[in-house]
*Asks:* 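Dropping a structure here in structure tokens format, bear with me for questions.
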2 protein chains.
Amino acid sequence: MRLSSMADYAVVTMTAAARHCGHARISAQQLADETGLPAPTVQKLVSKLSAARLLRSVRGAHGGLTLARPAAAISLADIIEAVEGPIAMAACSERLRTDTGRPDCSLESACSVRPHWPLVDAALRGALAGVSLSQLAAPTPTMIEMQA
Amino acid sequence: MRLSSMADYAVVTMTAAARHCGHARISAQQLADETGLPAPTVQKLVSKLSAARLLRSVRGAHGGLTLARPAAAISLADIIEAVEGPIAMAACSERLRTDTGRPDCSLESACSVRPHWPLVDAALRGALAGVSLSQLAAPTPTMIEMQA
DNA sequence: AGATAACTGGACCGAATCAGTCTGATTTGA
DNA sequence: TCAAATCAGACTGATTCGGTCCAGTTATCT
């Protein structure tokens, strides 16, 4: 139940970017300086975040990064999925949607827990989707309401 | 956002134990046979689950395991925390409650995201606490409602 | 047009965590 | 007293992950 370090850093990076939204474009190097994260790590992160359409990047001299959407329209679930892939608690629930049907869990079709995982995943994703980037960027913690 | 294999197996093991609740005590070996998991792994799991007061173990000849509480009173959050420790998304939110205050994240007090993690953790835990073992043991998936 | 600045994508390596196994100690019932 | 079964800890091998570096591409400024 812990987040990977990369996903953690991604949240910090997006929060830093959100503070500069509306101002100028910000470079990956600048984000690294502000967050204290190593520059190559930030570069790797912004690549994934751009591919997921959370950041918009402008190349060339005086290029940089901006949020692709307003901070209120970006959720914690978006950020985590951009870096870690789809939210799936159990290995078998991830395979349900991705691959060839080749079994790796010895139980497989006989597993009674298996059909329940997608519902759990959805519940978890709902909780994370209820937290917006603008809430995370706020200096004072705000109430987080859960939604179905 | 993925569960560790051990936590995954713990859910499967608890589900198997729930199906025997009310009947006789069941041995760790029996659980291993039914779930298809290696016996030493199941032993390690039941140790943790017993320490967390989710299973009650009876030693000696004709000993075995039973649920410590009715399946409806055991939540997915209980099982996961028994195996993985407290639910904490970010490393720093775990340290908030556990240790000496020694910093390992270079941002520390200046980190603007930090105060928000406990709220996220609570939201996530709430979602997992809403899923009971009796729901997981049911052959047909049931609706999972979220609660604050 | 040339040079510079910035993002893009991949390969690579060291380290830490984790899954799994084994062995010995403890407890209970016959 | 013997046998059965759980309990607790250390150990090991492998997989994954964090982090870095490099070459390539694109756009602006002089």
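Residue numbers start from 1 in every chain, and the chains themselves are labelled A, B, ... in the order their sequence lines are given, proteins ahead of strands.
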*Asks:* Got a sec, which residues hit side chain to side chain contact (heavy atoms under 4.5 Å, CB included) with A/S57, two or more places apart in sequence or on another chain?
*Replies:*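 Side chain to side chain contact (heavy atoms under 4.5 Å, CB included) list for A/S57, sorted by chain: A/S50, A/L65.
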*Asks:* Would B/R69 and B/D78 pass as an ion pair if we require N to O under 4.0 Å?
*Replies:*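 Yes.
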*Asks:* Between the two end axes of the helix from C/dA1-D/dT30 to C/dA30-D/dT1, each built from 5 base pairs, what angle do you get to the nearest 10°?
*Replies:*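 The end axes of the helix from C/dA1-D/dT30 to C/dA30-D/dT1 are about 20° apart, to the nearest 10°.
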*Asks:* A/R25 has an atom CZ; how far is it from atom C1' of D/dT28, in whole Å?
*Replies:*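 Nearest whole value for this atom pair: 11 Å.
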*Asks:* Using side chain to side chain contact (heavy atoms under 4.5 Å, CB included) as the criterion, list what pairs up with A/A18, not counting sequence neighbours.
*Replies:*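 A/A18: side chain to side chain contact (heavy atoms under 4.5 Å, CB included) contacts with A/L67, A/A71, A/L133, A/A137.
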*Asks:* Between the side chains of B/D8 and B/S5, is a donor N or O closer than 3.5 angstrom to an acceptor N or O?
*Replies:*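 No, no side-chain donor-acceptor pair sits under 3.5 Å.
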*Asks:* Under 4.0 Å from any atom of DNA chain C, heavy atoms only: list the residues of residues 40-52 of chain A that qualify, in numerical order.
*Replies:*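 Output list: A/Q43, A/K44.
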*Asks:* Would you tabulate the pairs of protein nitrogen or oxygen atoms and nucleotide nitrogen or oxygen atoms of nucleotides 14-18 of chain D closer than 3.5 angstrom?
*Replies:*
residue	atom	partner	partner atom	Å
D/dG18	OP1	A/S5	N	2.9

*Asks:* Looking only at side-chain N and O atoms, does A/H20 offer a donor or acceptor that is under 3.5 Å from a partner on A/E34?
*Replies:*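 A pair is found: one side chain offers a donor N or O, the other an acceptor, under 3.5 Å apart.
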*Asks:* Tell me the interatomic distance from A/R53, atom CZ, to C/dT8, atom P, rounded to whole angstroms.
*Replies:*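 For the pair A/R53 CZ and C/dT8 P, the rounded distance is 11 Å.
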*Asks:* Would you tabulate the nitrogen or oxygen pairs shorter than 3.5 Å linking the protein to nucleotides 25-29 of chain C?
*Replies:*
residue	atom	partner	partner atom	Å
C/dT26	O2	B/R59	NH2	3.1

*Asks:* Output yes when a side-chain donor or acceptor of B/E84 lies under 3.5 Å from a complementary backbone atom of A/M1, and no otherwise.
*Replies:*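 Pair found, side chain donor or acceptor close to backbone of A/M1.
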*Asks:* Are A/L55 and A/M6 connected in a single hydrophobic cluster, I mean Ile/Leu/Val/Met/Phe/Trp/Tyr linked by side-chain heavy atoms less than 4.5 Å apart?
*Replies:*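 Yes, same cluster.
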